[in-house]
Enquirer: 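One structure, pasted below without further comment.
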Amino acid sequence: MRTQVVIIGSGPAGLLLGQLLTNAGIDNVILERVSQDYVLGRIRAGVLEEGMAGLLDEAGAGERMRREGLPHDGFDLTFSGKHHRIDLHGLTGKHVIVYGQTEVTRNLMDRRAATGGISIYEAADVQPNDFDGERPYVTYSKDGVEHRLDCDFIAGCDGYHGPSRKAVEGKGLETFERVYPFGWLGIVADVPPVSHELIYSNHRRGFALCSMRSATRSRYYVQCGLDDRVEAWSDDRFWDEIRSRLPAETAEAMTTGPSIEKSIAPLRSFVAEPLRFGRLFLVGDAGHIVPPTGAKGLNLAASDVRYLFDALQEYYAEQSAAGIDGYSARALARVWKAERFSWWMTNTLHRFPDTGTFGQRIQEAELEYLTGSRAASTSLAENYVGLPY
Ligand code: APR
Ligand code: PHB
């Protein structure tokens with residue numbers, strides 16, 4: 001079989017790129033290791049920048065998001081028992097949309113099915129080959145039968161553990177990493193959110209975040225230890241812990257109920273350079289990871305897709321490789337700014353084992369400065385709503 005672009009991975013990055021290419025008349029096939037239901041069972045991020053929302057519209061997959069997504073004009077920071085609202089819209093003229101990644105993925109899958117895009121799920125041993133030359137191809141097996149897909153380009157949208165980045169190890173790949181000494185324990189519960197806006201809390205017992213998926217579904221997180229186990233966290237223990245990390249009136253207002261999902265995720269900052277190796281591109285989590293504090297992971301996958309789609313379109317429409325040659329530098333320039341922001345949000349809001357009393361006071365001063373200065377608040381807000389593409 002032959003196609004123009006093979007996309008490895010059916011997460012938001014792969015699906016969004018695939019849909020933009022299909023709409024532009026560029027042939028593509030998506031190869032995914034797990035089943036469609038498995039992909040849709042993963043609970044991930046939930047805050048979309050305007051740039052990403054616009055890309056979903058452009059892909060023809062934005063309608064439900066526009067109908068059901070929750071536009072947020074601000075969020076709350078709490079520390080030292082106080083609340084402070086960051087007025088995103090007042091400071092930047094922009095807002096974010098709270099809408100689950102799972103829904104984004106579902107809408108993109110539906111759109112792909114409606115427009116006749118080919119996706120091969122449960123494809124095993126997916127391997128990019130010969131991308132250094134002019135004729136790359138991808139091999140995989142399906143139901144025990146081996147296949148080969150010839151193509152012009154390979155888009156590695158296969159997440160942090162996928163085969164694309166592994167295929168370029170030892171070929172000039174450089175990586176940059178920071179692992180944080182804690183994780184996030186997250187739950188989903190069908191209870192109304194405690195507030196109509198997100199609450200990020202810095203507390204001496206550790207960070208906490210109150211988020212949501214809808215008017216009736218809450219998404220809550222607490223900072224936990226790296227060796228914590230989900231089984232050790234009953235629902236009651238979780239609710240007691242998150243309430244203890246919030247100002248009293250917020251804790252009292254919180255509706256609790258049985259969790260429908262509970263999991264622990266480690267926090268990591270990671271960047272691979274470059275993001276292009278001949279005719280293979282690293283896109284989204286395959287090329288970089290941010291800790292979730294700034295809600296940037298999904299949005300960075302979208303900006304990579306924007307740059308790569310523009311580059312591929314230019315290649316096919318104008319026979320120009322300029323966009324392709326520039327992809328890595330363009331994407332990395334935005335990636336590093338989001339890495340900086342996510343690292344800074346993480347440092348500012350979490351309790352580190354080695355913070356000490358000096359570090360503690362510095363964190364408090366940072367938060368006081370942030371909330372007391374329009375310039376500092378604007379800097380936070382412009383990063384949170386998303387830097388321009
Ligand atoms: N073969 C084929 N597909 C693979 C393979 C493989 N060997 N390994 C991984 N994949 C698939 C995964 O199963 C997954 O569906 O690649 C997909 C990668 O999707 P994501 O991990 O969701 O990554 P991405 O599309 O870059 O989305 C960006 O934003 O909220 C953050 O980290 C979060 O998932 C999120 C990301
Ligand atoms: C979420 O709703 O899952 C969420 C929101 C904001 C974040 C991280 C995660 O910073």
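Atoms within each ligand, like the ligands themselves, are counted from 1 in listed order. Model, not experiment: these values are computed from the prediction. Side chains are part of it too, since the values below use all heavy atoms of this structure and drop only hydrogens, waters and symmetry mates.
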Enquirer: Once you restrict to heavy atoms under 4.0 Å, what part of Pro12 touches ligand 1? Side chain, backbone, both or neither.
Expert: both
Enquirer: Between Leu31 and ligand 1, find which residue part has any heavy-atom pair under 4.0 Å and reply side chain, backbone, both or neither.
Expert: backbone
Enquirer: Quick one: which of Tyr315, Tyr307, Phe281 gives a ring-ring contact (aromatic ring centres under 6.0 Å, His included) with Tyr327?
Expert: Phe281
Enquirer: Are Leu91 and Leu370 connected, step by step, through hydrophobic side chains (Ile, Leu, Val, Met, Phe, Trp, Tyr) whose heavy atoms are closer than 4.5 Å?
Expert: yes
Enquirer: Give yes or no for whether the N/O distance cutoff of 3.5 Å, strictly under, is met between Pro292 and ligand 2.
Expert: yes
Enquirer: Please identify which atoms of ligand 1 are closer than 4.0 Å to at least one heavy atom of Gly159.
Expert: 18 (C), 21 (O)
Enquirer: Give the ring-plane orientation class for Tyr384 versus Phe75, where under 30° counts as parallel, over 60° as perpendicular and anything between as tilted.
Expert: tilted
Enquirer: What's the separation between atom CZ in Arg204 and atom CZ in Arg351, rounded to the nearest 0.5 Å?
Expert: 8.5 Å
Enquirer: Would Val191 and Ile43 show up in the same hydrophobic cluster when neighbours are defined by side-chain heavy atoms closer than 4.5 Å?
Expert: no
Enquirer: Is it true that Trp344 and Glu366 share a donor-acceptor pair across their side chains at a distance under 3.5 Å?
Expert: yes
Enquirer: Which of the numbered atoms in ligand 1 are below 4.0 angstrom from a heavy atom of Leu298?
Expert: 29 (O), 30 (O), 31 (C)
Enquirer: Nearest protein heavy atom to atom 7 (N) of ligand 1, by residue and atom, and its distance?
Expert: Pro163 CD, 3.2 Å
Enquirer: If we ignore angles and hydrogens, is there a donor and acceptor under 3.5 Å between the side chains of Arg33 and Tyr38?
Expert: no
Enquirer: With a heavy-atom distance limit of 4.0 Å, tell me whether Ala123 approaches ligand 1 through its side chain, its backbone, both, or neither.
Expert: neither
Enquirer: Pick one of side chain, backbone, both or neither for how Val98 approaches ligand 2, counting any non-hydrogen atom pair under 4.0 Å.
Expert: neither
Enquirer: Identify which of Ala13, Gly156, Ala45 has a heavy atom lying nearest to atom 25 (O) of ligand 1.
Expert: Ala13
Enquirer: Quick one: nearest non-hydrogen protein atom to atom 6 (C) of ligand 2, plus distance?
Expert: Tyr200 OH, 3.3 Å
Enquirer: Going by the closest heavy atom to atom 17 (C) of ligand 1, which one wins out of Glu32, His288, Gln36, Lys296?
Expert: Glu32
Enquirer: One pair to check against salt bridge (charged side-chain N to carboxylate O under 4.0 Å, His left out): Glu241 and Arg237. What are the steps and the verdict?
Expert: CA-CA 6 Å; Glu241 189 59 42; Arg237 182 176 172 209; 5.7 Å; no
Enquirer: With respect to Ala301, determine whether any N or O atom, backbone or side chain, lies less than 3.5 Å from an N or O atom of ligand 1.
Expert: no
Enquirer: Can the ring centres of Phe270 and Tyr160 be said to be less than 6.0 Å apart?
Expert: yes
Enquirer: Counting heavy atoms only, which of Arg42, Glu122, Lys166, Gln101 is nearest atom 30 (O) of ligand 1?
Expert: Gln101
Enquirer: Tell me, please, which residues at least two apart from Thr115 pass side chain to side chain contact (heavy atoms under 4.5 Å, CB included).
Expert: Gln19, Thr22, Arg111
Enquirer: Are any of the heavy atoms in Arg44 under 4.0 Å away from ligand 1?
Expert: yes
Enquirer: Distance to 0.1 Å, residue and atom name: give those for the protein heavy atom nearest to atom 3 (O) of ligand 2.
Expert: Tyr221 OH, 2.6 Å
Enquirer: Going by heavy atoms, is Arg213 under 4.0 Å from ligand 2?
Expert: yes
Enquirer: Examine Trp184 against ligand 2 and note whether any of their N/O atoms are separated by less than 3.5 Å.
Expert: no
Enquirer: Within ligand 2, which atoms have a heavy atom of Leu198 less than 4.0 Å away?
Expert: 5 (C), 6 (C)
Enquirer: Check the pair Arg213, Glu103 against salt bridge (charged side-chain N to carboxylate O under 4.0 Å, His left out), reporting the backbone distance first and the verdict last.
Expert: CA-CA 10 Å; Arg213 288 293 175 270; Glu103 300 310 308; over 6 Å; no
Enquirer: Give me the nearest non-hydrogen protein atom to atom 19 (O) of ligand 1 as residue plus atom name, then the distance to 0.1 Å.
Expert: Gly11 CA, 3.5 Å
Enquirer: Return the closest protein heavy atom for atom 3 (N) of ligand 1 as residue, atom name and distance.
Expert: Arg33 N, 3.2 Å
Enquirer: In ligand 1, which numbered atoms sit nearer than 4.0 Å to a non-hydrogen atom of Gly284?
Expert: 26 (O)
Enquirer: I need the nearest protein heavy-atom contact for atom 16 (O) of ligand 1: residue, atom name and distance, please.
Expert: Asp158 CA, 3.2 Å
Enquirer: What protein heavy atom is closest to atom 28 (C) of ligand 1, reported as residue, atom name and distance in Å?
Expert: Asp285 OD1, 3.6 Å
Enquirer: Hey, can you tell me if Trp184 and Phe207 have their rings parallel, tilted or perpendicular (30° and 60° cut-offs)?
Expert: parallel
Enquirer: Could an N or O of ligand 2 be found under 3.5 Å from any N or O of Ser211, whether backbone or side chain?
Expert: yes
Enquirer: To the nearest 0.5 Å, what is the distance between CG on Asp132 and CG on Leu280?
Expert: 9.0 Å
